[in-house]
Visitor: 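Take a look at this one; I'll ask things after.
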Amino acid sequence: MAGVSKVPKDYEYEPWYKYGVAFLFFEAALAIAVSIYALSMAFTGQAVEFKKKVTFEKPKATIEQPAPAREEPNSSTIDAPAKQ
Amino acid sequence: MRNIKTHKVEQLIMAAVAFFWCFLLWFSSAAFVPTIASQFDLGVKGVALLASSAIWTAPIARPLAGWAADKFGAPKAFVLILVVTGAFSILSAHAATLGPAIGVTEYQFLFWTRVVVATAGISFVVGIQHVAQWFESEEMGTAEGLYAGTGNVGAGVGALLLPRIYGLDYHTAFIHLGIVAFIIALWILLRGVPAKSAEQAAMAKKTATLRDTAFVWTRHAAIALMLAYAMSFGLEIGMNAWLPGYYKMGFEEAIRELGFQSLQDVQIAAGSFAAVQSFNASLFRPFSGWISDIWQRKGWTPFPMISKHLDYAPRIHWLMFALLSITTTMILLTVAGLQNNLILSVLILALFGVTVSFGTGGTFAIVPLMFKERPGTATGFIGGVSCAGGIIYPLIYGEAAGWFEVGGIHWGYALVATFLFIPFILYFIWAMHWDVHPEEHGFGSKERWLGKGGQEQA
(Lines give C-alpha, C1' and ligand atoms only; values in the text may rest on other atoms or scores of the structure.)
Protein backbone atom coordinates (compact mmCIF):
# COMPACT_ATOMS: atom_id res chain seq x y z
CA MET A 1 0.00 0.00 0.00
CA ALA A 2 2.59 2.47 -1.03
CA GLY A 3 1.37 6.00 -1.29
CA VAL A 4 2.48 9.53 -1.10
CA SER A 5 2.03 11.39 2.16
CA LYS A 6 3.15 14.95 2.64
CA VAL A 7 3.13 14.62 6.44
CA PRO A 8 6.78 14.47 7.52
CA LYS A 9 7.65 11.23 9.32
CA ASP A 10 8.95 13.20 12.29
CA TYR A 11 5.98 15.55 12.40
CA GLU A 12 5.35 16.53 16.00
CA TYR A 13 1.78 17.13 17.02
CA GLU A 14 0.96 19.91 19.43
CA PRO A 15 0.32 19.00 23.09
CA TRP A 16 -3.48 19.22 22.72
CA TYR A 17 -3.49 16.39 20.18
CA LYS A 18 -2.87 13.53 22.62
CA TYR A 19 -5.71 14.75 24.85
CA GLY A 20 -7.95 15.00 21.80
CA VAL A 21 -7.13 11.41 20.83
CA ALA A 22 -7.75 10.24 24.43
CA PHE A 23 -11.14 11.96 24.37
CA LEU A 24 -12.18 10.32 21.13
CA PHE A 25 -11.26 6.91 22.56
CA PHE A 26 -13.47 7.78 25.52
CA GLU A 27 -16.30 8.61 23.13
CA ALA A 28 -15.82 5.35 21.23
CA ALA A 29 -15.92 3.43 24.54
CA LEU A 30 -19.10 5.32 25.46
CA ALA A 31 -20.69 4.29 22.16
CA ILE A 32 -19.85 0.63 22.82
CA ALA A 33 -21.21 0.88 26.38
CA VAL A 34 -24.47 2.43 25.20
CA SER A 35 -24.83 -0.25 22.52
CA ILE A 36 -24.31 -3.03 25.05
CA TYR A 37 -26.73 -1.33 27.47
CA ALA A 38 -29.42 -0.90 24.81
CA LEU A 39 -29.03 -4.47 23.56
CA SER A 40 -28.99 -6.13 26.97
CA MET A 41 -31.89 -3.98 28.12
CA ALA A 42 -33.97 -5.00 25.16
CA PHE A 43 -33.03 -8.67 25.05
CA THR A 44 -33.66 -9.16 28.77
CA GLY A 45 -36.99 -7.37 28.62
CA GLN A 46 -35.94 -4.61 30.99
CA ALA A 47 -36.68 -2.00 28.35
CA VAL A 48 -40.26 -2.10 29.62
CA GLU A 49 -39.06 0.11 32.48
CA PHE A 50 -38.88 2.99 30.04
CA LYS A 51 -42.61 2.89 29.54
CA LYS A 52 -43.30 4.49 32.89
CA LYS A 53 -41.60 7.64 31.72
CA VAL A 54 -42.08 7.69 27.96
CA THR A 55 -45.52 6.64 26.85
CA PHE A 56 -48.02 7.36 24.14
CA GLU A 57 -50.82 7.24 26.68
CA LYS A 58 -52.57 10.48 27.42
CA PRO A 59 -51.40 11.91 30.74
CA LYS A 60 -54.24 11.44 33.17
CA ALA A 61 -53.74 13.84 36.01
CA THR A 62 -57.09 13.49 37.72
CA ILE A 63 -57.78 9.79 37.87
CA GLU A 64 -59.34 9.09 41.22
CA GLN A 65 -59.47 5.74 42.89
CA PRO A 66 -63.05 4.77 43.86
CA ALA A 67 -63.66 5.36 47.52
CA PRO A 68 -63.75 1.96 49.23
CA ALA A 69 -66.35 2.91 51.85
CA ARG A 70 -69.16 4.12 49.55
CA GLU A 71 -69.61 1.34 47.08
CA GLU A 72 -73.10 1.27 45.64
CA PRO A 73 -74.60 -1.68 43.81
CA ASN A 74 -74.70 -1.41 39.96
CA SER A 75 -72.48 1.68 39.94
CA SER A 76 -69.71 1.82 37.35
CA THR A 77 -66.18 2.24 38.66
CA ILE A 78 -63.25 3.91 36.92
CA ASP A 79 -60.46 1.47 36.27
CA ALA A 80 -57.00 2.63 37.18
CA PRO A 81 -54.52 2.27 34.32
CA ALA A 82 -53.08 -1.22 34.20
CA LYS A 83 -49.71 -1.45 35.90
CA GLN A 84 -47.05 -3.10 33.74
CA MET B 1 -10.53 41.04 13.22
CA ARG B 2 -10.97 41.40 17.01
CA ASN B 3 -7.82 41.36 19.08
CA ILE B 4 -8.60 38.65 21.65
CA LYS B 5 -5.98 36.36 23.13
CA THR B 6 -7.28 32.87 22.56
CA HIS B 7 -6.16 29.34 21.69
CA LYS B 8 -7.42 27.08 18.96
CA VAL B 9 -8.50 24.48 21.54
CA GLU B 10 -10.76 27.10 23.14
CA GLN B 11 -12.27 27.79 19.73
CA LEU B 12 -12.73 24.03 19.15
CA ILE B 13 -14.45 23.57 22.53
CA MET B 14 -16.63 26.61 21.87
CA ALA B 15 -17.70 25.30 18.47
CA ALA B 16 -18.33 21.77 19.83
CA VAL B 17 -20.42 23.04 22.77
CA ALA B 18 -22.46 25.34 20.54
CA PHE B 19 -23.06 22.56 18.03
CA PHE B 20 -23.89 20.06 20.78
CA TRP B 21 -26.53 22.43 22.13
CA CYS B 22 -27.88 23.15 18.66
CA PHE B 23 -28.17 19.41 18.04
CA LEU B 24 -29.99 19.06 21.35
CA LEU B 25 -32.38 21.82 20.26
CA TRP B 26 -32.72 20.21 16.82
CA PHE B 27 -33.97 16.87 18.13
CA SER B 28 -35.56 18.01 21.41
CA SER B 29 -39.03 17.85 19.84
CA ALA B 30 -38.43 14.19 18.96
CA ALA B 31 -37.66 13.38 22.60
CA PHE B 32 -41.14 14.56 23.59
CA VAL B 33 -43.11 13.25 20.60
CA PRO B 34 -44.93 10.65 22.74
CA THR B 35 -46.21 13.34 25.11
CA ILE B 36 -47.07 15.81 22.36
CA ALA B 37 -48.77 13.06 20.32
CA SER B 38 -50.95 12.08 23.24
CA GLN B 39 -51.74 15.67 24.25
CA PHE B 40 -52.88 16.64 20.75
CA ASP B 41 -54.27 13.23 19.73
CA LEU B 42 -51.89 12.83 16.81
CA GLY B 43 -52.19 9.74 14.63
CA VAL B 44 -49.30 7.91 12.98
CA LYS B 45 -49.23 10.39 10.09
CA GLY B 46 -49.20 13.33 12.49
CA VAL B 47 -46.30 11.82 14.41
CA ALA B 48 -44.41 11.13 11.17
CA LEU B 49 -45.01 14.72 10.01
CA LEU B 50 -43.75 16.12 13.32
CA ALA B 51 -40.68 13.87 13.21
CA SER B 52 -39.81 14.65 9.58
CA SER B 53 -40.33 18.40 10.01
CA ALA B 54 -37.00 18.51 11.86
CA ILE B 55 -35.16 17.87 8.58
CA TRP B 56 -37.20 20.14 6.27
CA THR B 57 -35.06 23.24 6.52
CA ALA B 58 -31.65 21.55 6.45
CA PRO B 59 -31.10 21.11 2.67
CA ILE B 60 -31.92 24.78 1.98
CA ALA B 61 -30.67 26.54 5.10
CA ARG B 62 -27.33 24.75 5.56
CA PRO B 63 -25.80 26.20 2.36
CA LEU B 64 -26.93 29.66 3.50
CA ALA B 65 -25.30 29.10 6.89
CA GLY B 66 -22.04 28.09 5.18
CA TRP B 67 -22.08 31.24 3.09
CA ALA B 68 -22.81 33.34 6.22
CA ALA B 69 -19.90 31.72 8.08
CA ASP B 70 -17.51 32.68 5.27
CA LYS B 71 -18.97 36.17 4.86
CA PHE B 72 -19.44 37.28 8.47
CA GLY B 73 -17.30 34.76 10.39
CA ALA B 74 -18.45 31.66 12.25
CA PRO B 75 -18.87 33.30 15.69
CA LYS B 76 -21.47 35.79 14.40
CA ALA B 77 -23.29 33.02 12.52
CA PHE B 78 -23.32 30.84 15.67
CA VAL B 79 -24.66 33.70 17.80
CA LEU B 80 -27.46 34.43 15.33
CA ILE B 81 -28.51 30.77 15.16
CA LEU B 82 -28.43 30.29 18.95
CA VAL B 83 -30.36 33.48 19.69
CA VAL B 84 -33.08 32.87 17.08
CA THR B 85 -33.61 29.18 17.84
CA GLY B 86 -33.30 29.77 21.59
CA ALA B 87 -35.97 32.48 21.43
CA PHE B 88 -38.31 30.28 19.39
CA SER B 89 -37.72 27.39 21.80
CA ILE B 90 -38.97 29.61 24.65
CA LEU B 91 -41.89 30.85 22.52
CA SER B 92 -42.88 27.28 21.68
CA ALA B 93 -43.22 26.55 25.40
CA HIS B 94 -45.99 29.15 25.58
CA ALA B 95 -48.01 27.83 22.64
CA ALA B 96 -51.14 27.51 24.79
CA THR B 97 -51.38 31.28 25.31
CA LEU B 98 -49.52 32.68 22.28
CA GLY B 99 -51.23 30.50 19.65
CA PRO B 100 -54.81 31.60 20.34
CA ALA B 101 -53.54 35.17 20.85
CA ILE B 102 -52.46 35.38 17.19
CA GLY B 103 -55.44 33.40 15.87
CA VAL B 104 -53.98 29.90 15.43
CA THR B 105 -54.44 26.73 17.42
CA GLU B 106 -52.01 25.75 20.15
CA TYR B 107 -50.70 22.83 18.09
CA GLN B 108 -50.21 24.92 14.95
CA PHE B 109 -48.18 27.44 16.95
CA LEU B 110 -46.16 24.67 18.60
CA PHE B 111 -45.52 22.88 15.28
CA TRP B 112 -44.26 25.92 13.37
CA THR B 113 -42.17 27.32 16.21
CA ARG B 114 -40.54 23.87 16.52
CA VAL B 115 -39.78 23.92 12.77
CA VAL B 116 -37.86 27.17 13.38
CA VAL B 117 -36.11 25.64 16.41
CA ALA B 118 -35.08 22.68 14.23
CA THR B 119 -33.08 25.03 12.01
CA ALA B 120 -30.48 24.87 14.80
CA GLY B 121 -29.16 21.85 12.88
CA ILE B 122 -27.70 24.18 10.23
CA SER B 123 -25.02 25.18 12.74
CA PHE B 124 -23.03 22.08 11.73
CA VAL B 125 -21.55 23.81 8.70
CA VAL B 126 -20.70 26.90 10.74
CA GLY B 127 -18.58 24.89 13.17
CA ILE B 128 -16.87 22.89 10.41
CA GLN B 129 -15.86 26.17 8.81
CA HIS B 130 -14.70 27.54 12.15
CA VAL B 131 -12.50 24.54 12.97
CA ALA B 132 -11.04 24.61 9.45
CA GLN B 133 -10.01 28.23 10.01
CA TRP B 134 -8.04 27.32 13.13
CA PHE B 135 -6.36 23.90 12.71
CA GLU B 136 -3.45 22.64 10.64
CA SER B 137 -4.06 20.16 7.85
CA GLU B 138 -2.15 17.36 9.67
CA GLU B 139 -4.59 17.44 12.58
CA MET B 140 -7.71 18.36 10.65
CA GLY B 141 -9.27 14.88 10.75
CA THR B 142 -9.10 14.62 14.54
CA ALA B 143 -10.15 18.24 15.12
CA GLU B 144 -13.16 18.07 12.80
CA GLY B 145 -14.04 14.63 14.15
CA LEU B 146 -13.96 15.84 17.75
CA TYR B 147 -16.12 18.82 16.85
CA ALA B 148 -18.73 16.98 14.80
CA GLY B 149 -18.81 13.75 16.79
CA THR B 150 -19.19 15.46 20.15
CA GLY B 151 -21.87 17.73 18.72
CA ASN B 152 -23.82 14.91 17.09
CA VAL B 153 -24.13 13.17 20.45
CA GLY B 154 -26.57 15.94 21.36
CA ALA B 155 -29.32 14.00 19.58
CA GLY B 156 -28.73 10.80 21.54
CA VAL B 157 -28.20 12.60 24.84
CA GLY B 158 -31.46 14.48 24.32
CA ALA B 159 -33.40 11.31 23.58
CA LEU B 160 -31.98 9.58 26.65
CA LEU B 161 -31.92 12.39 29.22
CA LEU B 162 -34.68 14.90 28.42
CA PRO B 163 -37.61 12.52 29.17
CA ARG B 164 -35.85 11.40 32.35
CA ILE B 165 -35.19 14.93 33.61
CA TYR B 166 -38.44 16.59 32.59
CA GLY B 167 -40.88 13.68 32.37
CA LEU B 168 -43.95 14.89 30.47
CA ASP B 169 -43.22 18.58 31.09
CA TYR B 170 -41.79 19.52 27.71
CA HIS B 171 -42.69 23.19 28.25
CA THR B 172 -40.07 23.64 30.99
CA ALA B 173 -37.53 21.68 28.94
CA PHE B 174 -37.99 23.99 25.94
CA ILE B 175 -37.60 27.08 28.16
CA HIS B 176 -34.41 25.78 29.78
CA LEU B 177 -32.95 24.77 26.41
CA GLY B 178 -33.61 28.29 25.10
CA ILE B 179 -32.02 30.00 28.11
CA VAL B 180 -28.84 27.91 27.86
CA ALA B 181 -28.69 28.74 24.14
CA PHE B 182 -28.60 32.43 25.08
CA ILE B 183 -25.78 31.82 27.57
CA ILE B 184 -23.68 29.95 24.97
CA ALA B 185 -24.38 32.75 22.46
CA LEU B 186 -23.05 35.29 24.97
CA TRP B 187 -19.90 33.20 25.49
CA ILE B 188 -19.25 33.08 21.74
CA LEU B 189 -19.99 36.77 21.40
CA LEU B 190 -17.31 37.55 23.99
CA ARG B 191 -14.66 34.96 23.09
CA GLY B 192 -15.26 33.85 19.49
CA VAL B 193 -12.60 34.71 16.88
CA PRO B 194 -13.32 33.84 13.20
CA ALA B 195 -9.85 32.57 12.19
CA LYS B 196 -6.28 32.20 13.42
CA SER B 197 -5.19 35.08 11.21
CA ALA B 198 -6.86 38.15 9.73
CA GLU B 199 -5.61 37.09 6.27
CA GLN B 200 -7.37 33.73 6.49
CA ALA B 201 -10.65 35.34 7.59
CA ALA B 202 -10.36 37.87 4.78
CA MET B 203 -9.80 35.12 2.19
CA ALA B 204 -12.96 33.27 3.25
CA LYS B 205 -14.91 36.53 3.20
CA LYS B 206 -13.63 37.45 -0.25
CA THR B 207 -14.79 34.14 -1.77
CA ALA B 208 -18.31 34.26 -0.27
CA THR B 209 -19.97 35.43 -3.48
CA LEU B 210 -22.72 34.05 -5.66
CA ARG B 211 -20.17 33.27 -8.39
CA ASP B 212 -18.02 31.29 -5.97
CA THR B 213 -21.07 29.44 -4.69
CA ALA B 214 -22.06 28.47 -8.24
CA PHE B 215 -18.46 27.44 -8.89
CA VAL B 216 -18.34 25.12 -5.86
CA TRP B 217 -21.78 23.61 -6.51
CA THR B 218 -20.74 22.58 -10.04
CA ARG B 219 -17.41 20.92 -9.14
CA HIS B 220 -17.27 17.14 -9.61
CA ALA B 221 -15.29 16.75 -6.38
CA ALA B 222 -17.86 18.74 -4.39
CA ILE B 223 -20.72 16.73 -5.89
CA ALA B 224 -18.87 13.47 -5.18
CA LEU B 225 -18.26 14.47 -1.56
CA MET B 226 -21.90 15.56 -1.27
CA LEU B 227 -22.96 12.09 -2.50
CA ALA B 228 -20.50 10.48 -0.05
CA TYR B 229 -22.07 12.49 2.76
CA ALA B 230 -25.55 11.55 1.52
CA MET B 231 -24.36 7.91 1.80
CA SER B 232 -23.30 8.49 5.39
CA PHE B 233 -24.96 11.38 7.25
CA GLY B 234 -28.02 11.46 4.97
CA LEU B 235 -28.34 7.73 5.55
CA GLU B 236 -27.84 8.15 9.31
CA ILE B 237 -30.71 10.62 9.76
CA GLY B 238 -32.91 8.66 7.36
CA MET B 239 -32.28 5.48 9.36
CA ASN B 240 -33.02 7.34 12.62
CA ALA B 241 -36.51 7.94 11.30
CA TRP B 242 -36.96 4.55 9.63
CA LEU B 243 -35.45 1.92 11.93
CA PRO B 244 -37.94 1.86 14.84
CA GLY B 245 -40.76 1.21 12.39
CA TYR B 246 -38.66 -1.32 10.45
CA TYR B 247 -37.91 -3.47 13.50
CA LYS B 248 -41.50 -3.32 14.61
CA MET B 249 -42.87 -4.39 11.20
CA GLY B 250 -40.03 -6.62 10.01
CA PHE B 251 -39.31 -8.55 13.22
CA GLU B 252 -42.53 -8.27 15.20
CA GLU B 253 -42.81 -12.02 15.74
CA ALA B 254 -39.17 -12.39 16.83
CA ILE B 255 -39.51 -9.45 19.22
CA ARG B 256 -42.66 -10.93 20.74
CA GLU B 257 -40.79 -14.19 21.28
CA LEU B 258 -38.30 -12.22 23.38
CA GLY B 259 -41.13 -11.38 25.77
CA PHE B 260 -42.31 -8.02 24.45
CA GLN B 261 -46.00 -8.70 24.04
CA SER B 262 -48.02 -5.50 23.89
CA LEU B 263 -47.76 -3.01 21.05
CA GLN B 264 -46.02 -0.51 23.32
CA ASP B 265 -43.46 -3.07 24.48
CA VAL B 266 -42.66 -3.98 20.87
CA GLN B 267 -42.26 -0.28 20.07
CA ILE B 268 -39.86 0.24 22.95
CA ALA B 269 -37.77 -2.80 22.01
CA ALA B 270 -37.66 -1.70 18.35
CA GLY B 271 -36.60 1.80 19.43
CA SER B 272 -33.80 0.37 21.58
CA PHE B 273 -32.43 -1.63 18.64
CA ALA B 274 -32.61 1.45 16.43
CA ALA B 275 -30.71 3.55 19.01
CA VAL B 276 -27.69 1.29 18.52
CA GLN B 277 -27.23 2.75 15.05
CA SER B 278 -27.65 6.32 16.20
CA PHE B 279 -25.11 6.12 19.01
CA ASN B 280 -22.47 4.27 17.03
CA ALA B 281 -22.83 6.58 14.04
CA SER B 282 -22.29 9.70 16.15
CA LEU B 283 -19.85 8.59 18.83
CA PHE B 284 -17.46 6.76 16.50
CA ARG B 285 -17.28 9.79 14.23
CA PRO B 286 -14.28 11.43 15.95
CA PHE B 287 -12.55 8.03 15.79
CA SER B 288 -13.00 8.10 12.03
CA GLY B 289 -11.31 11.50 11.76
CA TRP B 290 -8.40 10.13 13.76
CA ILE B 291 -8.12 7.07 11.48
CA SER B 292 -8.11 9.47 8.55
CA ASP B 293 -5.12 11.21 10.18
CA ILE B 294 -3.40 7.80 10.55
CA TRP B 295 -3.96 6.89 6.90
CA GLN B 296 -2.54 10.29 6.03
CA ARG B 297 0.52 9.77 8.23
CA LYS B 298 1.15 6.25 6.92
CA GLY B 299 0.48 7.29 3.32
CA TRP B 300 -1.97 4.46 2.65
CA THR B 301 -3.49 4.65 -0.83
CA PRO B 302 -4.69 1.11 -1.64
CA PHE B 303 -7.34 1.77 -4.26
CA PRO B 304 -6.58 1.91 -7.98
CA MET B 305 -7.83 4.79 -10.13
CA ILE B 306 -8.12 7.25 -7.22
CA SER B 307 -5.29 9.80 -7.10
CA LYS B 308 -2.25 8.79 -5.08
CA HIS B 309 -0.38 12.07 -5.56
CA LEU B 310 -2.53 14.68 -3.86
CA ASP B 311 -1.29 16.01 -0.53
CA TYR B 312 -4.34 14.52 1.14
CA ALA B 313 -4.71 11.42 -1.11
CA PRO B 314 -4.69 8.89 1.80
CA ARG B 315 -7.73 10.64 3.30
CA ILE B 316 -9.64 10.14 0.04
CA HIS B 317 -8.70 6.45 0.08
CA TRP B 318 -9.94 6.16 3.67
CA LEU B 319 -13.28 7.64 2.63
CA MET B 320 -13.42 5.20 -0.29
CA PHE B 321 -12.95 2.35 2.18
CA ALA B 322 -15.77 3.79 4.30
CA LEU B 323 -18.15 4.01 1.31
CA LEU B 324 -17.47 0.39 0.39
CA SER B 325 -18.07 -0.65 4.03
CA ILE B 326 -21.40 1.19 4.18
CA THR B 327 -22.57 -0.42 0.94
CA THR B 328 -21.55 -3.88 2.19
CA THR B 329 -23.30 -3.53 5.56
CA MET B 330 -26.46 -2.27 3.82
CA ILE B 331 -26.57 -5.47 1.77
CA LEU B 332 -25.87 -7.54 4.89
CA LEU B 333 -28.83 -5.87 6.64
CA THR B 334 -31.06 -7.19 3.86
CA VAL B 335 -29.51 -10.66 4.14
CA ALA B 336 -30.08 -10.78 7.94
CA GLY B 337 -33.64 -9.53 7.48
CA LEU B 338 -34.49 -12.13 4.84
CA GLN B 339 -33.24 -14.83 7.22
CA ASN B 340 -35.51 -13.31 9.88
CA ASN B 341 -32.51 -13.36 12.21
CA LEU B 342 -33.06 -10.52 14.70
CA ILE B 343 -29.82 -10.94 16.63
CA LEU B 344 -27.74 -10.99 13.44
CA SER B 345 -29.63 -7.95 12.18
CA VAL B 346 -28.95 -5.92 15.34
CA LEU B 347 -25.28 -6.91 15.38
CA ILE B 348 -24.91 -5.89 11.73
CA LEU B 349 -26.76 -2.69 12.58
CA ALA B 350 -24.15 -1.86 15.23
CA LEU B 351 -21.40 -2.46 12.66
CA PHE B 352 -23.40 -0.46 10.14
CA GLY B 353 -23.47 2.52 12.56
CA VAL B 354 -19.68 2.37 12.84
CA THR B 355 -19.24 2.29 9.04
CA VAL B 356 -21.59 5.28 8.73
CA SER B 357 -19.38 7.18 11.19
CA PHE B 358 -16.37 6.29 9.01
CA GLY B 359 -18.15 8.00 6.13
CA THR B 360 -19.21 11.13 8.01
CA GLY B 361 -15.84 11.62 9.73
CA GLY B 362 -13.92 10.73 6.57
CA THR B 363 -15.80 13.23 4.40
CA PHE B 364 -15.16 16.20 6.63
CA ALA B 365 -11.52 15.30 7.07
CA ILE B 366 -11.22 16.14 3.33
CA VAL B 367 -13.63 19.04 2.68
CA PRO B 368 -11.68 21.80 4.49
CA LEU B 369 -8.44 20.69 2.83
CA MET B 370 -9.82 20.41 -0.68
CA PHE B 371 -11.85 23.65 -0.52
CA LYS B 372 -9.42 25.63 1.59
CA GLU B 373 -10.44 28.99 0.14
CA ARG B 374 -14.17 28.40 0.35
CA PRO B 375 -14.68 26.19 3.43
CA GLY B 376 -18.09 27.53 4.43
CA THR B 377 -19.60 27.47 0.96
CA ALA B 378 -18.32 23.94 0.31
CA THR B 379 -19.43 22.68 3.72
CA GLY B 380 -22.85 24.23 3.26
CA PHE B 381 -23.34 22.49 -0.08
CA ILE B 382 -21.94 19.11 0.99
CA GLY B 383 -23.47 19.07 4.47
CA GLY B 384 -26.76 20.60 3.36
CA VAL B 385 -27.91 19.05 0.11
CA SER B 386 -26.88 15.59 1.32
CA CYS B 387 -29.56 15.80 4.05
CA ALA B 388 -32.11 15.18 1.28
CA GLY B 389 -30.97 11.55 1.56
CA GLY B 390 -32.65 11.45 4.95
CA ILE B 391 -35.97 12.11 3.25
CA ILE B 392 -35.45 9.96 0.12
CA TYR B 393 -34.12 6.65 1.53
CA PRO B 394 -37.06 5.93 3.87
CA LEU B 395 -39.42 6.57 0.96
CA ILE B 396 -37.55 3.98 -1.13
CA TYR B 397 -37.58 1.46 1.74
CA GLY B 398 -41.33 1.94 2.08
CA GLU B 399 -41.98 1.60 -1.66
CA ALA B 400 -39.74 -1.47 -1.93
CA ALA B 401 -41.81 -3.22 0.73
CA GLY B 402 -44.69 -3.41 -1.75
CA TRP B 403 -42.63 -4.82 -4.61
CA PHE B 404 -41.92 -8.23 -3.09
CA GLU B 405 -44.42 -10.77 -1.82
CA VAL B 406 -42.15 -12.09 0.90
CA GLY B 407 -39.77 -10.02 3.04
CA GLY B 408 -40.27 -6.88 0.98
CA ILE B 409 -39.51 -4.61 3.93
CA HIS B 410 -35.95 -6.00 4.09
CA TRP B 411 -35.12 -5.43 0.42
CA GLY B 412 -34.89 -1.63 0.56
CA TYR B 413 -31.30 -1.57 1.92
CA ALA B 414 -29.91 -3.80 -0.84
CA LEU B 415 -31.81 -1.86 -3.52
CA VAL B 416 -30.51 1.50 -2.28
CA ALA B 417 -26.98 0.06 -2.04
CA THR B 418 -27.08 -1.42 -5.54
CA PHE B 419 -28.92 1.23 -7.52
CA LEU B 420 -27.84 4.40 -5.68
CA PHE B 421 -24.67 3.77 -3.69
CA ILE B 422 -22.68 1.83 -6.30
CA PRO B 423 -23.23 4.56 -8.96
CA PHE B 424 -22.33 7.18 -6.30
CA ILE B 425 -19.07 5.33 -5.60
CA LEU B 426 -18.23 5.09 -9.31
CA TYR B 427 -18.77 8.84 -9.64
CA PHE B 428 -16.63 9.40 -6.54
CA ILE B 429 -13.79 7.34 -8.04
CA TRP B 430 -13.96 9.32 -11.28
CA ALA B 431 -14.14 12.70 -9.53
CA MET B 432 -11.08 11.87 -7.41
CA HIS B 433 -8.81 10.59 -10.18
CA TRP B 434 -7.15 13.94 -10.94
CA ASP B 435 -3.70 14.34 -9.45
CA VAL B 436 -3.71 18.13 -9.55
CA HIS B 437 -6.49 20.33 -8.14
CA PRO B 438 -9.43 17.91 -8.47
CA GLU B 439 -11.59 20.64 -6.94
CA GLU B 440 -11.28 22.73 -10.10
CA HIS B 441 -12.83 20.21 -12.51
CA GLY B 442 -16.55 20.45 -13.01
CA PHE B 443 -19.45 21.61 -15.13
CA GLY B 444 -18.19 24.77 -16.78
CA SER B 445 -14.65 26.09 -16.51
CA LYS B 446 -13.29 27.99 -13.56
CA GLU B 447 -12.99 31.09 -15.74
CA ARG B 448 -16.62 30.83 -16.79
CA TRP B 449 -17.89 30.87 -13.20
CA LEU B 450 -15.36 33.17 -11.55
CA GLY B 451 -14.29 35.40 -14.44
CA LYS B 452 -10.70 36.34 -15.04
CA GLY B 453 -10.39 38.38 -11.84
CA GLY B 454 -11.90 35.64 -9.75
CA GLN B 455 -9.55 33.05 -11.18
CA GLU B 456 -6.52 35.13 -10.27
CA GLN B 457 -7.94 35.80 -6.83
CA ALA B 458 -8.58 32.14 -6.05
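Just so it is clear, the structure is predicted and the values come from calculations on it, not from any experiment. Residue numbering restarts at 1 for every chain, and letters A, B, ... go by the order of the sequence lines. Side chains are part of it too, since the values below use all heavy atoms of this structure and drop only hydrogens, waters and symmetry mates.
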Visitor: Please flag which part of B/A281 lies under 4.5 Å from any non-hydrogen atom of chain A: side chain, backbone, both or neither.
Guide: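 It is neither, since no heavy atom gets under 4.5 Å.
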
Visitor: Considering only heavy atoms and a distance below 4.5 Å, find which of B/Q277, B/H317, B/R285, B/K8 pairs most often with chain A.
Guide: B/K8

Visitor: For a quick check under 3.5 Å, do B/S29 and B/Y170 share a side-chain donor-acceptor pair by atom type?
Guide: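 Their side chains do not contain a donor-acceptor pair, so the 3.5 Å distance test is not met.
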
Visitor: Just give me the residue among B/F287, B/W290, B/F32 that pairs up with chain A most often, heavy atom to heavy atom, under 4.5 Å.
Guide: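 With the most close heavy-atom pairs to chain A, the winner is B/W290.
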
Visitor: Just by modelled atom types, is the B/D311 backbone N or O under 3.5 Å from a matching donor or acceptor in the B/Q296 side chain?
Guide: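 Pair found, side chain donor or acceptor close to backbone of B/D311.
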
Visitor: Quick one: side chains of residues 17-34 of chain A, donor-acceptor pairs under 3.5 Å with protein atoms, not counting sequence neighbours, listed by atom name and distance.
Guide:
{"residue": "A/Y17", "atom": "OH", "partner": "B/T142", "partner atom": "OG1", "Å": "3.0"}
{"residue": "A/Y17", "atom": "OH", "partner": "B/D293", "partner atom": "OD2", "Å": "2.9"}
{"residue": "A/E27", "atom": "OE2", "partner": "B/T150", "partner atom": "OG1", "Å": "3.0"}

Visitor: Among B/F303, B/W295, B/W300, which residue meets the ring-ring contact (aromatic ring centres under 6.0 Å, His included) test with B/W318?
Guide: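 Among B/F303, B/W295, B/W300, the one meeting ring-ring contact (aromatic ring centres under 6.0 Å, His included) with B/W318 is B/W295.
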
Visitor: Which atoms of B/Y166 come close to chain A, meaning under 4.5 Å heavy atom to heavy atom: side chain ones, backbone ones, both, or neither?
Guide: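 The answer is neither part of B/Y166.
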
